[in-house]
Amino acid sequence: MEKVIVIGNGMVGHKFCEKLLGKNRSFDITVFGEEPRRAYDRVHLSEYFAGKTADDLSLCAEQWYNEQHITLYLNDPVRRIDRESKTVYSAAGRIMQYDYLVMATGSAPFVPNLPGIKKEGVFVYRTIDDLELIKAYAAGAKNGVVMGGGLLGLEAAKALMDLNLEKTSVIEYAPRLMPRQIDEAASHILQTKLNELGLAVYVNKGTTSIEGRGKVEALRFNDGSELPADLLVISAGIRPRDELARECGLELGAYGGIVVNEYMQTADSSVFAIGECAVFDQLTYGLVAPGYEMAEVAATKICHGERVFGGFDMSTKLKLIGVDVASFGDPFITAPNARTIVFEDTNKGVYKRINISNDGQFLLGGILVGEAEAYNMLLQTVTNAIILPLNPEDLLIGPRGGAQPQGAGVAGLPDEALICSCEGVTKGAICNSVTNLGCETFDAIKACTKAGTGCGGCVPMVKDLMTYTMKANGKYIRNVVCEHFSFSRQELFDLIKIHNLKNYEDVLNEIGNGDGCEVCKPLVSSLLASIWADMILKQGNDTAQDSNDRFLANIQKGGTYSVVPRIPGGEITPEKLIVIGEVAQKYGLYTKITGGQRIDMFGAHLGDLPLIWEELIAAGFESGHAYGKALRTVKSCVGSTWCRFGLHDSVSYAIRVEERYRGLRAPHKFKSAVSGCIRECAEAQSKDFGIIATEKGWNLYVCGNGGSKPQHALLLAADVDSDTCIRYIDRFLMFYIQTADPLTRTATWLNKMDGGIDYLRNVVVNDSLGMGAQWEAEMDARAQAYQCEWKAAVEDPAIRKRFNHFVNAPEEKDPSVQFDEMRGQKRAAEWVTV
Amino acid sequence: MSDLKKTTDWFAACKVEDAVHNGGVCIKYENSQIALFYFTRRNEWYATQNECPHRRQMALSRGMIGSAGEEPKIACPFHKKTFSLATGECLSGGECAIKTYPVKVENGLVYIGIKN
Ligand code: SRM
Ligand SMILES: Cc1cc2nc3c(=O)[nH]c(=O)nc-3n(C[C@H](O)[C@H](O)[C@H](O)COP(=O)(O)OP(=O)(O)OC[C@H]3O[C@@H](n4cnc5c(N)ncnc54)[C@H](O)[C@@H]3O)c2cc1C
Ligand code: SF4
Ligand code: FES
């Protein structure tokens, strides 16, 4: 068996193993990795700060190497290569012979040799370990500085901002940011945008020393100025890891890197170099897509196949930072070799430049800042030498006069167009997977072709191609619910109404197939609740609910539940506060003020829920629907009754709003708030609908949320009176309930809506669909019919019985429930992580 | 059949009307907990361990049942891992299988079979 040794278990080294196995399984493969973990997705490294774990970033399952019979030594760098005897020596003392040696050692951040560079608090940004060190140090830091305003530097800066340092700055030696990708004008716009995002940018700054006693405290520059810094990330370029190659006498490039031929072979034909450590045609490639292509070429060569590396496009798009920046083809080419078209809008912060051939036929390259949706298409236009339309400026600013620009869209691409450059997947392959292999979802295409599994930049285009191909094949594209219903949520909504279906079984019998599942059950139940407003636990609908709805409480770690009574507008009497205290004491519950201006009691046994609620209801409380996809809270500020700035009585209005929409089921939960003036103490602009008092009435904002992807609400109507405002909300909510996809908050719903807020305003304020009166009447009827479902539940013995943990031992509680103690209250015992 | 008789103890878990339609209830059996499902729609009964192997939560009886193709399944309420009600196999990958028990109904009583 021929033996292949791979040095480096990074992105390209891993890809090489996959490629080699895909071609021929009769090699004995050993991989040495210097890092302590198996190969992970360095491209998405920054997402580690956004909560992804090392496991999430990992490129394969833990058992993969084992299952593929590859020997993987982690934490064990190769220290020496003896080419004569074809032997490698590792740090841990392993000595091993090879027939083929593949070097995939990547590169290392370049750290300039400045006085003070060794001080504590100076970091680089390359590995998960680096990020862990930065994260730990950031806890005690205020001023974060990134040295280097290139692509990686800006990404690192964004990461520091996410770590909530007081101030984050980027310093760049060159007169502009991203000097390798964008021009002066683009850099200006980018700087302005970054400043708006709270990132300070300094260009033309050559650092002369790093000051501080023991640890970094400031940077000193060649113009004599200083910048305070207690955390410094160096991102001043990368250097290929060629130290092993140098030592064993392989040829290196002028700026480092291992010189290879078009088969990725070094001067020694049994030694290959791929990825960032390789130099081909005097160039190193600091991107993952060319590295993957090199892996393919080397694997082919080792299997005696024929494939050559011919250079690679270096176009890039900056991710993460909150400003779109892209550069493609030759971004800088100018007259006399090309003509340029520039569009600049300093008002919106948009800059676009394209360079076209002198005959006006071809696109040669360009730059996009502030708006880069066109990137994928423009890049395709360059790489496939697609003939430009008559008015190429349309590519930048869209066609004027209603006509579609010619040649735009995926339809115009040739079959060979490379869509996913990371995995080398062409348009033809993607369309084929849709037409002939039955892939009709993005996930299916991904699994089948691997497109979109690398940097992810091509995902929008793959989706466009899927839709385009399905349409071309005469298929109607819908988001169907699951295997049991071949309808979208919106279609189900209409069908349930038309067929007058009242419970889950009927819906399944009439318009579904199979026996249902955990996806369609809660969805249909929510629709039934939205449409008919029946008691949520009506026989037949009870077990078709998510556990939280079925037991009218949120299930917690350990199997207990939370109890959240409604406290409209956050207003509560001392008497009611006392009742909550007493109930919590009696049933041994943990209490906490929630982020929604009310009180949550945690740790209730299932069997205690009806008893607890009976007491709460007797004291005048009702369900807070904290468990349902329903109205949560309407927060209020104290408003004009006490506050010296208050314009109207925001508390009374919040209570009115909360009582109108309580219990209403929707595609997702929804929240509201009412503020008494523009100081906005109730944070109304972060809610699904929010109301702010003005001199003349109320401003109504819609489609905001907090959560993982915060989005500010947009103004829907200004200065409206109290009744009009309610009518608008009625219409808004009914429209949302009827048309949103499952589990879609209002913000996401609006983001997907053709015409956006203007369209929504037309529907709600101008009643463009003529549905206004009907929606208001429906909402009225619902509000009239409202009853507290917890009250209904405790009064119905058949429903109460469902809250016993053991059906054959109704008195006994679940003995597996356990608590620990913390700050004088209880908490759920930690669950096992298996 | 006679083999089964020898090795299985049938224990009377509850009355038919104690079970919920198209859902689960929890049965106490000595010191353990068994989830009993009345798949009314298919007129089938299933019983499995109540503990979900994912985070070891006593929760399966509170989950939603359904089907994947023909396979009857239960989804844990905590993180929606799904298991076959027929074989106990984990259908979402990763977790180990759950224990299943035979069920029979006689004279309005539901019996769960415990292997000796
Ligand atoms: C108790 C509370 C935290 C607290 O101690 O303050 C809380 C607790 C939970 N939140 Fe929350 N959220 C609470 C306020 C918030 C807020 C703040 C607010 O409402 O002003 C937010 C951000 C605002 C927003 O939603 O726009 C918030 C954003 C979320 C999200 C993310 C939603 C999103 O669209 O991204 C989830 C997940 C989900 O709903 O899918 C969530 C889900 C949950 C769940 C239901 C998770 C679960 O399924 O077990 C937690 C249940 C607790 C329980 O057992 O009762 N919680 N949650 C707050 C209850 C408020 C209340 O009185 O009802
Ligand atoms: C923050 C960040 C963001 C990025 N974003 C993008 C992007 O958006 N798009 C893009 O295309 N690219 C991006 N890149 C670049 C991309 O990650 C690299 O091009 C890619 O990882 C190169 O793969 P590689 O295998 O050549 O090197 P690496 O992934 O660095 O792997 C090399 C491995 O070899 C190990 N090694 C070195 N010497 C030895 C030895 N002697 N013995 C054993 N092991 C050794 C190293 O420790 C390392 O684990 C980004 C990089 C970073 C750091
Ligand atoms: S928003 Fe703030 S300032 Fe205005 S009324 Fe409310 S509490 Fe007062
Ligand atoms: S505990 Fe059951 S899925 Fe997590």
Side-chain angles (χ1 to χ4, degrees), chain A residues 61-62 482-484 503-505 508-509 513-522 525 537 539-551 554-561 606 798-799 801-818 828 830-834, chain B residues 11-15 17-29 31-42 44 50-78 80-82 91 93-96 110 112:
Chain A
E62 200 179 336
C482 67
E483 63 172 277
H484 306 108
N503 65 50
Y504 178 77
E505 284 294 293
L508 191 57
N509 289 337
N513 41 64
D515 302 310
C517 69
E518 70 282 3
V519 174
C520 58
K521 281 187 167 179
S525 302
L537 296 187
Q539 160 93 83
N541 285 342
D542 50 353
T543 50
Q545 310 267 0
D546 236 327
S547 172
N548 282 357
D549 294 271
R550 179 172 165 198
F551 297 109
N554 285 328
I555 193 164
Q556 254 104 40
K557 232 189 221 176
T560 62
Y561 289 84
L606 185 61
I799 294 181
K801 186 172 147 193
R802 298 287 159 239
F803 288 85
N804 296 329
H805 180 67
F806 292 115
V807 69
N808 60 340
E811 302 305 315
E812 284 182 45
K813 293 182 175 163
D814 179 356
S816 72
V817 168
Q818 275 170 24
E830 205 42 65
W831 58 21
V832 284
T833 21
V834 194
Chain B
F11 118 86
C14 63
K15 290 188 277 202
E17 62 262 30
D18 290 333
V20 302
H21 286 201
N22 293 309
V25 291
C26 177
I27 302 288
K28 181 179 161 76
Y29 171 71
N31 284 326
S32 63
Q33 304 190 13
I34 297 175
L36 173 69
F37 301 97
Y38 184 13
F39 211 141
T40 331
R41 189 180 167 75
R42 298 162 55 129
E44 290 165 354
N50 192 32
E51 183 180 84
C52 174
H54 175 231
R55 287 282 185 263
R56 315 253 317 249
Q57 299 292 299
M58 284 297 180
L60 293 178
S61 61
R62 301 180 199 171
M64 281 177 280
I65 61 173
S67 64
E70 281 304 301
E71 191 80 25
K73 63 172 183 174
I74 169 72
C76 175
F78 274 92
K80 299 275 161 69
K81 302 268 181 197
T82 52
L91 304 174
E95 303 312 320
C96 49
V110 187
I112 297 178

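Because the structure is predicted, anything quoted here is derived from the model rather than measured. All heavy atoms count here, side chains included; hydrogens, waters and symmetry mates do not. Chain A is the first sequence line, chain B the second, and so forth, proteins listed ahead of strands; every chain is numbered from 1.
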With a 4.5 Å cut-off on side-chain heavy atoms, are B:H21 and A:D542 touching?
no
Stepwise side-chain contact (heavy atoms from CB on, under 4.5 Å) test for B:K15 and A:V807:
CA-CA 9 Å; B:K15 290 188 277 202; A:V807 69; over 6 Å; no
Counting only heavy atoms closer than 4.5 Å, note whether A:Y504 contacts chain B via side chain, backbone, both or neither.
neither
Per-residue tally against chain A (heavy atom, under 4.5 Å) across B:A12, B:G63, B:G69, B:C14 peaks at B:G69
Is it the side chain or the backbone of B:R42 that comes within 4.5 Å of chain A heavy atoms, both, or neither?
side chain
Any side-chain to backbone donor/acceptor pair from B:R41 onto A:G514? Under 3.5 Å, distance only.
yes
Chain A contact via B:L36 - side chain, backbone, both or neither, heavy atoms under 4.5 Å
neither
Which atoms of B:A19 are under 4.5 Å from chain A, going by heavy atoms: the side chain, the backbone, both sets, or neither?
backbone
Is the CD atom of A:E811 crowded by more than 12 outside heavy atoms at less than 6.0 Å?
no
Stepwise, does the side-chain contact (heavy atoms from CB on, under 4.5 Å) test hold for B:R56 with A:S816?
CA-CA 10 Å; B:R56 315 253 317 249; A:S816 72; over 6 Å; no
Just so I know, are the side chains of A:E518 and B:K73 near enough to count as touching, which here means a heavy-atom distance under 4.5 Å?
yes
Answer yes or no: is there a side-chain heavy-atom contact under 4.5 Å between B:M64 and A:R550?
no
So what's closer than 4.5 Å to chain A heavy atoms on B:S61: side chain, backbone, both or neither?
backbone
